Amino acid sequence: MNIPDDIYKAMNEMLHDSLRVPIGVDDSLLNQYLKASVSYVLAYTGTADTVINDDRFIFLCVEMGSFLYESRTTQVKDIPAPLKMVMDQLALNGFNSVKQEV
């Protein structure tokens with residue numbers, strides 16, 4: 001499922017703000033981390049429209065991108081527990097909405 005351009009642009013700006021990295025600095029690297037985060041969150045939670053339009057989806061993608069960027073020079077750690085809890089909540093919403101649509 002494709003992410004609407006306005007949502008992706010907003011996430012990209014939030015990621016830069018979250019990391020305090022000016023637009024134009026590490027753009028391609030941050031873009032790749034954001035794409036990886038979106039793919040991971042969508043794979044984990046499902047691709048229902050309700051997942052994409054949920055504020056927690058944006059939060060998760062930005063925080064995952066921040067986590068990847070901040071951990072780029074260290075050995076990869078496990079995803080922080082608070083992020084996993086939000087992903088579980090979002091997954092439950094996504095799977096429930098798919099069941100209702102059927």
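What you are looking at is a predicted structure, and each value in this text was computed from that prediction instead of being measured.
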**Request:** Over all heavy atoms of both residues, which pair between F57 and V38 is shortest? Give the atoms and the distance, please.
**Result:**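 That closest heavy-atom pairing would be CZ-CG1, 4.2 Å.
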
Side-chain touch [X]/[Y], heavy atoms, less than 4.5 angstrom:
X: L92; Y: D88; value: no
X: I3; Y: M11; value: yes
X: E70; Y: Y33; value: no
X: Y44; Y: L90; value: no

**Prompt:** Can you check side chain to side chain contact (heavy atoms under 4.5 Å, CB included) on I7 and N53, steps first, answer last?
**Reply:** CA-CA 9 Å; I7 293 176; N53 294 318; 4.2 Å; yes

**Message:** My understanding is that only residues two or more places apart in sequence, or in another chain, count here; which of them pass side chain to side chain contact (heavy atoms under 4.5 Å, CB included) with K9?
**Reply:** E13

**Complete:** By side chain to side chain contact (heavy atoms under 4.5 Å, CB included), D27 pairs with (sequence neighbours left out) H16, I23

Hey, can you pull the donor-acceptor pairs under 3.5 Å for the side chains in residues 58-69, sequence neighbours left out?
{"residue": "S66", "atom": "OG", "partner": "S18", "partner atom": "OG", "Å": "3.2"}
{"residue": "S66", "atom": "OG", "partner": "V62", "partner atom": "O", "Å": "3.0"}
{"residue": "Y69", "atom": "OH", "partner": "D26", "partner atom": "OD2", "Å": "2.4"}

**Prompt:** What's the spacing between L30 CG and L15 CG if we round to 0.5 Å?
**Reply:**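 Between L30 CG and L15 CG, I get 5.0 Å after rounding to 0.5 Å.
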
**Request:** May I ask you to check whether over 12 heavy atoms, not counting those of D6, lie within 6.0 Å of atom CG?
**Result:** yes

**Asked** Transitively linked via ILVMFWY side-chain contacts under 4.5 Å: L29 with V25?
**Response**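 Linked within one cluster.
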
**Item:** Residue pair R56, T45: steps toward the side chain to side chain contact (heavy atoms under 4.5 Å, CB included) verdict
**Value:** CA-CA 11 Å; R56 292 173 292 184; T45 61; over 6 Å; no

